[in-house]
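Following: one structure in structure tokens, then a few remarks.
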Amino acid sequence: MSQVITLDFKGIHTYHQFYNQCKKQFDLPEYFGHNLDALWDMLTTELPLPVVVQCIHLTSFHQQKFARQLALFKEAANELGAAFIYIQMDSEDGDMG
């Protein structure tokens, strides 16, 4: 059975908040670096698989500000195949991407 990890963007407005939410939800160690390289390493080598990662309550603000971070989740899903499912739920229109 896949572990489901939810990142709720309602309270995320800064990079610091984003990486703190990742650290908490993915149960990462204290030494986790708050950057794209550390996030990629965690997603592709440290995270127990299979996993479903869902980002919820994304607005256009989040889509723009966190574009690189969200793209990293998509790239991990492409790289890891069925073991890593990425779901994106936009709050403005209720669509999943």
So do [Y] and [X] actually touch side chain to side chain, heavy atoms under 4.5 Å?
{"X": "Q21", "Y": "F9", "result": "no"}
{"X": "N20", "Y": "H34", "result": "yes"}
{"X": "N35", "Y": "Y15", "result": "no"}

- Aromatic ring pairing F66/H62, orientation class (parallel under 30°, perpendicular over 60°, tilted between):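 Judged by the thresholds at 30° and 60°, the geometry between F66 and H62 is parallel.
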[X] to [Y] - nearest heavy-atom pair and separation:
{"X": "T14", "Y": "K65", "value": "CA-CE, 4.0 Å"}
{"X": "F61", "Y": "I12", "value": "CE2-O, 4.4 Å"}
{"X": "A83", "Y": "L49", "value": "O-CD2, 3.6 Å"}
{"X": "L36", "Y": "Y19", "value": "N-OH, 3.3 Å"}

- Query: Is it true that the side chains of D8 and Q25 contain a donor and an acceptor less than 3.5 Å apart?
  - Reply: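 No - no donor-acceptor pair under 3.5 Å links their side chains.
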Return the [atom1] to [atom2] distance between [X] and [Y], rounded to the nearest 0.5 Å.
{"X": "I85", "Y": "I5", "atom1": "CD1", "atom2": "CD1", "result": "13.0 Å"}
{"X": "L80", "Y": "E75", "atom1": "CG", "atom2": "CD", "result": "10.0 Å"}
{"X": "Y86", "Y": "L72", "atom1": "OH", "atom2": "CG", "result": "10.0 Å"}
{"X": "T59", "Y": "Q64", "atom1": "OG1", "atom2": "CD", "result": "8.5 Å"}

With a 3.5 Å cut-off and sequence neighbours excluded, list the donor-acceptor pairs that the side chains of residues 38-48 form with protein atoms.
residue, atom, partner, partner atom, Å
T44, OG1, W40, O, 2.8
T45, OG1, D41, O, 2.5

- What residues form a salt bridge (charged side-chain N to carboxylate O under 4.0 Å, His left out) with K23, not counting sequence neighbours?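 E30.
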- Can we call the ring centroids of F18 and H16 under 6.0 Å apart?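 When the ring centroids of F18 and H16 are compared, they turn out to be at least 6.0 Å apart.
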- Expected output: side-chain Q17 to main-chain H13 donor-acceptor under 3.5 Å: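 It does hold such a pair.
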